[in-house]
Engineer: 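Take a look at this one; I'll ask things after.
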Amino acid sequence: MPSNAEAAEIFQSIADLLDVLGEKFKPDAYRRAARSIESLTEDLGAIAGRNELRSVPGVGDAIEEKIREYLATGHITYYDKLQQQIPAGVVELLKIPGLGPKTARRFWIELGVEGPAELTAALDAGRLDGVKGFGPKKVAQIRAAVEAFRANANAGARMPIQDAYPIAMALVRGLRQGARAEQVEVAGSFRRGRETVGDLDILVTSVEPERAFDVFSALPQVQEVRLRGGTKETVLLRNGLQVDLRVVEPASFGAALVYFTGSKDHNVQIRSLAKDRGLRVNEYGVTRGEERLAGRTEEDVYRSLGLAWVPPEIREARGEIEAAARGPLPRLVDTPDLRGDLHVHLPADAGPVEVDRLAAAAKAQHLAYLGVVTHGVDAVGDAFELPAAVRTRLAELSTPSLRLARVWEGDGGASAPPVDAAWEIVRPSARHRAPPSATRPNHRIALVAHGPADPADATAWLAFAHSAGAAVEVGPGPERLDSNGARRAREAHVLLGVPTGVGTAEDDPTGPIGLRFARRAGAVPSDVRNSAAQPPFSGASKRGRS
DNA sequence: GCCGTTTTCGGCCCGACTGTTTTCAGTCG
């Protein structure tokens, strides 16, 4: 079955193949098309059906035709022909760090090397010695890279952002403490809140760049320093993640932040807009000839280009720059907007002390209500219930300014919540993957938490949430929607439930990443159920006690 | 191959770093 992901993959591969052939601009064109196809929230087939493929950024006559061929036949003749022309192993060579299309092509044409294994053999046989452009250091570097590549097939794989989050926070703390760094920010796709990150880009200002690099290299997470210059250092962490540290002048921090936050397409669009206006943008600032216009803050940089500031989460060249040129962008939902949390768990062995701690955390975050899961049906269908002492303590601590509601979480199957549940959370389980067929009249379903398993499932659950008047939960992890899902929810006029992370550990990604996903979907406060001052079914818990 | 409130042709982001160079090419982000 054709899929957007597969189509994007094919165009990506075409770009790689054209790279090896030495094509100058086509590879970028195919990559741009691949990136925008990957980020679509709708099937290519549906877009093609409406005859709107050309509205996808980067898709012109030629690529539209290839998409149509792919949708009709499942393959692209142009791609098949390229594959016949170039051995698959030569494209594999491109995945080896430090080895690009020019080198791969030379190995193939001049040495007959058709893949990583043959490259190792050529190195062992000394066939690179004396080849023009390959001195002893280069040969050693290539040998190390190809060996590392062949030993670890997972190298270069992207990491889920929620896994990268605690690592990034630890690195930031380490830099703040030791490096006398004034401003520290993690940029790149991490800052944009992409679901996965390929590496981390950390930006700091420091009066002592050398010291920042020294401190960074010595952090316990760092395995090896890959390169180090005057302004940047690249290290490999023990868990395989690559991290770039860049030290910039305070006067350039904003420009560097824009530049290294990306996305690539956003930057390209910004630069070409600047060029149209006779300006020049780089990571040091915005200039007109010799005159320096901006650079210290992101707001300055965007303003100097005649643009409103663009939140990092939507810097994807999907129309945000045009919108920012027209005026201020809608204010995306942010932490202070979250007035409550619909879905909070306590540990199974929690006691009154944990409830006290949770209430204190909720007050610190100025939350007005929490839905604490006290009973329900777990993923394998067994009923569970928190100890009576916990439920009693929740009732004792619940006040008009902080409502602590006891909620029921189940899978929409036969088990139903008792009347003392303030509201119900429904999610799929192994037994009940599909949503309940109809809204059950006496239930108070406030939130749907569901896995992304299958787009068809997601559609069904969104429809269910809509008919039940329930929100859907966004955030990292298997039972929440990612940002693409959140965008689909918005398009389906379903409110989002955004986790606050209340009561979780310092480096827990649930709250911060959940918020980023919602923002990435373009959510404003009114798109978020728990930005309302009142909890759902606010009269219900009293009724339940009678 | 894509794209256009200067263009339907002629551009296409731009700088850091490395290694092998005698002034630059390749890679990366």
Side-chain angles (χ1 to χ4, degrees), chain A residues 11 14-15 17-36 53-67 78 93-107 128 130-142 144-145 156 187-190 192 197-203 209 213 225-234 242-248 252 255-256 258-287 306 317 322 325-326:
Chain A
F11 288 128
I14 290 176
L17 289 159
L18 292 171
D19 252 342
V20 174
L21 291 180
E23 285 280 356
K24 205 74 180 122
F25 296 104
K26 287 187 191 181
D28 267 351
Y30 278 102
R31 285 204 180 90
R32 177 157 148 71
R35 281 196 301 272
S36 63
L53 283 174
R54 290 293 302 270
S55 71
V56 177
V59 175
D61 281 337
I63 292 183
E64 171 176 20
E65 197 169 315
K66 291 179 178 71
I67 293 172
Y78 180 64
L93 292 175
L94 298 178
K95 294 182 189 159
I96 299 169
L99 215 160
K102 296 277 170 33
T103 314
R105 181 181 170 79
R106 284 193 64 191
F107 285 169
L128 259 71
V131 177
K132 190 167 184 290
F134 293 92
K137 276 191 168 178
K138 192 88 195 167
V139 169
Q141 183 193 320
I142 290 173
S189 49
F190 182 88
R192 300 202 311 281
V197 298
D199 62 9
L200 292 176
D201 289 294
I202 306 182
L203 224 56
F213 291 146
V225 177
R226 287 214 162 147
L227 60 85
R228 178 168 169 170
T231 63
K232 78 172 264 192
E233 177 174 63
T234 299
Q242 181 174 303
V243 187
D244 292 340
L245 177 69
R246 291 183 166 81
V247 179
V248 301
S252 297
V258 171
Y259 183 75
F260 291 111
T261 297
S263 65
K264 190 184 173 81
D265 291 335
H266 180 88
N267 286 351
V268 167
Q269 206 181 330
I270 277 189
R271 280 169 191 239
S272 92
L273 180 111
K275 202 171 168 182
D276 292 346
R277 300 181 183 192
L279 306 174
R280 182 188 188 81
V281 184
N282 58 26
E283 59 263 55
Y284 301 109
V286 183
T287 50
E322 291 82 351
R326 289 193 292 270

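Convention: sequence-line order gives letters A, B, ...; per-chain numbering from 1.
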Engineer: For A/Phe134 and B/dT21, what is the distance between atoms CZ and P respectively, to the nearest whole Å?
Structural biologist: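 Computing the A/Phe134:CZ to B/dT21:P distance gives 11 Å.
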Engineer: Can you name the side chain to side chain donor-acceptor pair (under 3.5 Å) partners of A/Glu64, sequence neighbours left out?
Structural biologist: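 Side chain to side chain donor-acceptor pair (under 3.5 Å) check on A/Glu64 returns A/Arg68.
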Engineer: Can you label the angle between the A/Phe107 ring and the A/Phe134 ring as parallel, tilted or perpendicular, going by 30° and 60°?
Structural biologist: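 Tilted: the ring planes of A/Phe107 and A/Phe134 meet at 30° to 60°.
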Engineer: Between B/dG29, B/dC14, B/dT27, which one does the side chain of A/Arg280 approach most closely?
Structural biologist: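 Looking only at heavy atoms from C-beta outward on A/Arg280, the closest nucleotide is B/dC14.
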Engineer: What's the spacing between A/Leu227 CG and A/Asp244 CG if we round to 0.5 Å?
Structural biologist: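 Rounded to the nearest 0.5 Å, the CG-CG separation comes to 7.5 Å.
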Engineer: Polar pairs (N or O, both sides) under 3.5 Å between protein and nucleotides 7-10 of chain B?
Structural biologist:
none

Engineer: With a non-hydrogen cut-off below 4.0 angstrom, is A/Gln141 in contact with a base, only sugar-phosphate, or nothing?
Structural biologist: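 Sugar-phosphate contact only - A/Gln141 comes under 4.0 Å of backbone atoms but never of a base.
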Engineer: Mind calculating the distance between CD (A/Glu283) and C1' (B/dG29) to the nearest angstrom?
Structural biologist: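 A/Glu283 atom CD is separated from B/dG29 atom C1' by 10 Å.
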Engineer: Nearest 0.5 angstrom please: A/Ile142 CD1 to A/Ile96 CD1, how far?
Structural biologist: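 One finds 9.0 Å between CD1 of A/Ile142 and CD1 of A/Ile96.
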Engineer: Determine the interatomic distance between P on B/dA16 and the same-named atom on B/dT23; round to the nearest Å.
Structural biologist: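 Between the two P atoms, the distance is 22 Å.
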Engineer: Both A/Arg226 and A/Val281 contact DNA chain B. Which one's nearest nucleotide lies toward the 5' end?
Structural biologist: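 This one resolves to A/Val281.
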Engineer: Taking the same atom, P, in B/dT6 and in B/dC2, what whole-Å distance lies between them?
Structural biologist: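 So the two P atoms sit 23 Å from each other.
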Engineer: Scan every strand shown for a Watson-Crick or G-U wobble partner of B/dT8, both distances under 3.5 Å, and answer none if you come up empty.
Structural biologist: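 No nucleotide pairs with B/dT8.
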Engineer: What is the separation between atom CZ on A/Arg31 and atom C1' on B/dC2, rounded to the nearest whole Å?
Structural biologist: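 Rounded to the whole Å, the gap is 15 Å.
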Engineer: Between B/dG11 and B/dT21, how far apart are the two P atoms, rounded to whole Å?
Structural biologist: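 So the two P atoms sit 34 Å from each other.
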Engineer: Scan A/Lys26 against the nucleic acid and name what it touches under 4.0 Å (heavy atoms): base, sugar-phosphate only, or nothing.
Structural biologist: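 If one applies the 4.0 Å heavy-atom cut-off, A/Lys26 turns out to touch a base.
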Engineer: What is the distance, rounded to the nearest whole Å, between atom NZ of A/Lys275 and atom P of B/dC3?
Structural biologist: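 Spelled out: NZ on A/Lys275 to P on B/dC3 is 17 Å.
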Engineer: CG of A/Leu227 versus C1' of B/dG26: gap in Å, rounded?
Structural biologist: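 About 14 Å, once rounded to whole Å.
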Engineer: What's A/Asp28 touching, base or sugar-phosphate or nothing? Going by heavy atoms closer than 4.0 Å.
Structural biologist: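 No contact.
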Engineer: Which nucleotide in the set B/dG19, B/dC3, B/dT27 lies at the smallest distance from any side-chain heavy atom of A/Lys137?
Structural biologist: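 Closest nucleotide to the A/Lys137 side chain: B/dG19.
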Engineer: Work out how far the P atom of B/dT8 is from that of B/dG4, and round it to whole angstrom.
Structural biologist: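 Here B/dT8 and B/dG4 have their P atoms 13 Å from each other.
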Engineer: So what does A/Leu99 hit on the nucleic acid, given a heavy-atom distance under 4.0 Å: a base, only sugar-phosphate, or nothing?
Structural biologist: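 Sugar-phosphate, no base atom in range.
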Engineer: Rounded to the nearest Å, what distance is computed from the NZ atom of residue A/Lys132 to the P atom of nucleotide B/dT21?
Structural biologist: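 Going from A/Lys132 (NZ) to B/dT21 (P), I get 7 Å.
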Engineer: Report the nucleotide, chosen from B/dG1, B/dG26, B/dG15, that has the shortest atom-to-atom distance to any side-chain atom of A/Tyr30.
Structural biologist: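 The answer is B/dG1.
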Engineer: Report yes if at least one side-chain N or O of A/Thr234 is closer than 4.0 Å to OP1 or OP2 of B/dC28; otherwise report no.
Structural biologist: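 Negative; the distance criterion is not met.
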Engineer: If I pick the C1' atom on B/dC12 and the same atom on B/dT22, what distance separates them, to the nearest angstrom?
Structural biologist: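 These two C1' atoms come out 31 Å apart once rounded.
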Engineer: Please round to the nearest 0.5 Å and tell me the distance separating atom CD of A/Glu233 and atom CD1 of A/Ile202.
Structural biologist: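 Here the interatomic distance stands at 10.5 Å.
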Engineer: Does A/Ile63 or A/Tyr259 map to a spot on DNA chain B nearer the 5' end, using the closest nucleotide for each?
Structural biologist: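 Result: A/Ile63.
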Engineer: Would you call A/Tyr259 and A/Asn282 a side-chain contact if the rule is heavy atoms closer than 4.5 Å?
Structural biologist: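 No; the side chains remain at least 4.5 Å from each other.
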Engineer: Would you say A/Thr103 reaches B/dT27's phosphate, i.e. side-chain N/O to OP1/OP2 under 4.0 Å?
Structural biologist: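 Looking at the OP1 and OP2 atoms of B/dT27, one of them is under 4.0 Å from a side-chain N or O of A/Thr103.
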Engineer: Quickly, which of A/Arg35, A/Arg31, A/Arg271 forms a salt bridge (charged side-chain N to carboxylate O under 4.0 Å, His left out) with A/Asp265? Name it, please.
Structural biologist: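 Answer to the salt bridge (charged side-chain N to carboxylate O under 4.0 Å, His left out) test with A/Asp265 among A/Arg35, A/Arg31, A/Arg271: A/Arg35.
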Engineer: Among B/dC17, B/dG15, B/dC14, which nucleotide sits nearest the side chain of A/Arg271?
Structural biologist: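 Closest nucleotide among those given: B/dC14.
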Engineer: Take atom CZ of A/Arg106 and atom C1' of B/dG19, then tell me their distance rounded to the nearest Å.
Structural biologist: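 It works out to 13 Å between those atoms.
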Engineer: Using a 4.0 Å heavy-atom cut-off, does A/Gly230 contact any base of the nucleic acid, only the sugar-phosphate backbone, or nothing at all?
Structural biologist: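 Sugar-phosphate, no base atom in range.
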Engineer: Stacking check: are the rings of A/Phe25 and B/dC12 less than 5.5 Å apart at their centres and under 30 degrees in tilt?
Structural biologist: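 It does: the ring sits over the base of B/dC12.
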Engineer: Work out how far the P atom of B/dC17 is from that of B/dT7, and round it to whole angstrom.
Structural biologist: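 Nearest-Å result for B/dC17 against B/dT7 at atom P: 40 Å.
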Engineer: What form does the base of B/dT22 take, syn (within 90° of 0) or anti?
Structural biologist: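 Anti conformation for B/dT22.
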Engineer: Are side-chain heavy atoms of A/Pro57 and A/Arg32 found at a separation under 4.5 Å?
Structural biologist: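 Answer yes - side chains close enough.
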Engineer: When rounded to the nearest 0.5 angstrom, what distance separates CG in A/Leu21 from CD1 in A/Ile14?
Structural biologist: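 A/Leu21 atom CG to A/Ile14 atom CD1 measures 11.5 Å (nearest 0.5 Å).
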Engineer: To the nearest angstrom, how far is A/Arg35 atom CZ from B/dG29 atom P?
Structural biologist: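 Whole-Å distance recorded here is 13 Å.
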Engineer: Describe the nucleic acid contact of A/Pro101 in one word from base, sugar-phosphate, nothing, applying a heavy-atom distance below 4.0 Å.
Structural biologist: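 Since only primed, P, OP1 and OP2 atoms lie under 4.0 Å of A/Pro101, the category is sugar-phosphate.
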Engineer: Side chains of A/Val281 and A/Lys275: closer than 4.5 Å at any heavy-atom pair?
Structural biologist: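 Not in contact.
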Engineer: Indicate yes or no: at least one non-hydrogen side-chain atom of A/Ile63 is less than 4.5 angstrom from one of A/Tyr30.
Structural biologist: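 Yes, side chains in contact.
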Engineer: For atom P, what is the distance between B/dG1 and B/dT5, given to the nearest Å?
Structural biologist: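 Those two atoms are separated by 23 Å.
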Engineer: Would you measure the distance from the P atom in B/dA25 across to the matching atom in B/dT20 and give it in whole Å?
Structural biologist: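 Between the two P atoms, the distance is 16 Å.
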Engineer: Could you check which of B/dG19, B/dC13, B/dG29 has an atom nearest any side-chain atom of A/Asp199?
Structural biologist: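 Out of B/dG19, B/dC13, B/dG29, the nucleotide with an atom closest to A/Asp199's side chain is B/dG29.
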Engineer: Checking all strands, does A/Gln242 fall into the base, sugar-phosphate, or nothing category for heavy-atom contacts under 4.0 angstrom?
Structural biologist: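 Counting heavy atoms under 4.0 Å across all strands, the contact made by A/Gln242 is with sugar-phosphate only.
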Engineer: With the side chain of A/Lys232 defined as its heavy atoms from C-beta on, choose the nearest nucleotide among B/dC17, B/dG26, B/dG19.
Structural biologist: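 Closest nucleotide to the A/Lys232 side chain: B/dC17.
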Engineer: Of the candidate nucleotides B/dG29, B/dG15, B/dG1, which contains the atom at the shortest distance from the side chain of A/Asn282?
Structural biologist: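 Per side-chain heavy atoms of A/Asn282, the pick is B/dG15.
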Engineer: So which nucleotide from B/dT20, B/dG29, B/dA16 ends up closest to the side chain of A/Pro136?
Structural biologist: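 Taking heavy atoms from C-beta onward, the closest nucleotide is B/dT20.
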